[in-house]
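Here the structure comes first, spelled out in structure tokens, and everything after it is commentary.
Below, all heavy atoms of this structure are taken into account, side chains as well, without hydrogens, waters or symmetry copies. These numbers come from a predicted model, not from an experiment.
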Amino acid sequence: MTAKPTYNKHLASLWAIFILGDAVIVLPTSNSGDYSLLGFFIGALAAILLYFVSLPVTNRFIGKSLLLVSAGVYAFYNAGKAFIRYTNFVDKILLTEASRFLIAALFIIAAVYLATRRQEVILKLSLISVVIAVIAILLFFMLSFKDFKAENIALQNSPNFSGIIKSAKPYFINISLPALLIPVYSRLFVEGKRICAPFAGLTAGLALELIGLLETLLLFGAPLAKKLSFPLASAVSTVTVGQLFTRMDGIVYCLFFILALIKTAVCMKLAFVALSRGKPGIVPQKQI
């Protein structure tokens, strides 16, 4: 008898991509405060805590309409936010209205198509995409190393409580809260109550997010980085490889498309299933 595939690596890859999603390209945001790095660590810790807190809650109330409807609405909100950020990104790098509209339309069509495919399709695409993301983010970091300035991440003043909260808020909204959807999605679409694979993906996504954030902070410093619409894209634009590859922007454009597409598709899939099953008496069904 052929053993049933576990998809553990695929699941870990999916959640690493989900955490990176539309956040990696926009953080730190304009309202990140003056302690972006400290704010990230607080947000990362909150993401891990929220994940483990939501596990028993999800397992206990997964059949309740309140949980499903709440998760569905929040997932739909995240899908819309990822799409809007992607269109804003396109607006910054493309010139003609026709091109912007065409790319936005293709993005939506691709997201809907991916969301309506079998779960294995998203998982396999995530495994491929996370390899690309790891290579790209590490490559950009190493190529930027020569231009890093350690003083850009040094604390000039002792952070006060209000400053810490202000700096942590964008990370809490963009990274911590979305982690609440991981257990819900896993229970709806994945056989069993898996903990290790989603947690591994969550921590891997946070680690990759940290590397991307460090690159922008070490290059620009927090005051300048948070003024940029897409800090990581601006950081990558400074990367050169000899005289042959003077600009590597295209790589991050493709990377952001993949990250935003998978997160949007995952949120759309979760929103549709959760809202459609968020009625008394309907028992969630697992697809893998």
message: Walk me through whether Val26 and Leu232 qualify under side-chain contact (heavy atoms from CB on, under 4.5 Å).
response: CA-CA 7 Å; Val26 299; Leu232 183 60; over 6 Å; no
- request: Check the pair Arg85, Phe89 against side-chain contact (heavy atoms from CB on, under 4.5 Å), reporting the backbone distance first and the verdict last.
  value: CA-CA 6 Å; Arg85 280 182 171 169; Phe89 181 71; over 6 Å; no
task: For the pair Thr87 and Phe107, evaluate side-chain contact (heavy atoms from CB on, under 4.5 Å) and give the outcome as yes or no after the intermediate values.
output: CA-CA 9 Å; Thr87 55; Phe107 182 88; over 6 Å; no
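Hydrophobic clustering (ILVMFWY, side-chain heavy atoms < 4.5 Å, transitive): Leu49 and Ile173 are in distinct clusters. No continuous path of hydrophobic side-chain contacts links Phe272 to Ile109 [ILVMFWY only; heavy atoms under 4.5 Å].
Residues Phe148 and Phe141 bring their aromatic ring centres within 6.0 Å. Residues Phe41 and Tyr171 keep their aromatic ring centres 6.0 Å or farther apart.
Atom CD1 of Ile42 is separated from atom CD1 of Ile165 by 6.5 Å, given to the nearest 0.5 angstrom. Separating the CD1 atom in Ile17 from the CG atom in Leu261 is a distance of 10.5 Å, to the nearest 0.5 Å. With rounding to the nearest 0.5 angstrom, the OG1 atom of Thr116 is 7.0 Å from the NZ atom of Lys269. Summarising the geometry, atom CD1 belonging to Ile182 is positioned 12.5 Å from atom CD1 belonging to Ile195; distances are rounded to the nearest 0.5 Å. A distance of 4.5 Å separates CD1 in Ile258 from CD1 in Ile132, rounded to the nearest 0.5 Å. In this structure, CG on Leu11 lies 6.5 Å from OG on Ser186, to the nearest 0.5 angstrom.
Pairs passing the side-chain hydrogen bond (donor to acceptor under 3.5 Å, both in side chains) check and including a residue from residues 195-217, sequence neighbours excluded, read Ser144-Glu215. Judged as a side-chain hydrogen bond (donor to acceptor under 3.5 Å, both in side chains), not a single pair has a partner in residues 42-57 (not counting sequence neighbours).
Within the 3.5 Å criterion, the main-chain N or O of Tyr35 finds a donor-acceptor partner in the side chain of Ser167.
One finds no salt bridge joining Lys149 and Glu151 here, because no Lys/Arg side-chain nitrogen approaches an Asp/Glu carboxylate oxygen to under 4.0 Å. In summary, Lys166 and Asp34 do not engage in a salt bridge, as defined by a charged side-chain N under 4.0 Å from a carboxylate O.
Inspection of the Ser32 and Thr29 side chains reveals an N or O donor paired with an N or O acceptor under 3.5 Å.
Side-chain contact check for Leu259 versus Asp22: every heavy-atom pair is 4.5 Å or farther apart. The closest side-chain heavy-atom distance from Leu188 to Leu68 is below 4.5 Å. Counting heavy atoms from C-beta outward, Leu180 and Val184 have side chains that stay 4.5 Å or more apart. Using a 4.5 Å heavy-atom cutoff, the side chains of Leu214 and Leu37 are in contact. Put simply, the side chain of Tyr185 reaches to within 4.5 Å of the side chain of Gln119, judged on heavy atoms. Taking the side chain as every heavy atom from C-beta outward, Met268 and Leu114 never approach each other to under 4.5 Å. For the pair Phe40 and Pro28, the minimum side-chain heavy-atom distance is 4.5 Å or more.
Heavy atoms only, all atoms of each residue included: Ala23 and Ile175 are closest at CB-CG1, 4.4 Å. Contact detail for Phe18 and Cys267: the closest heavy-atom pair is CE1-SG, 3.7 Å. Of all heavy-atom pairs spanning Leu67 and Phe61, the tightest one is CD2-O, 3.2 Å.
In this structure, Phe257 places its CZ atom where more than 12 heavy-atom neighbours from other residues, nucleotides or ligands lie under 6.0 Å away. Atom CZ of Phe52 sits in a crowded spot, with more than 12 heavy atoms from other residues, nucleotides or ligands closer than 6.0 Å.
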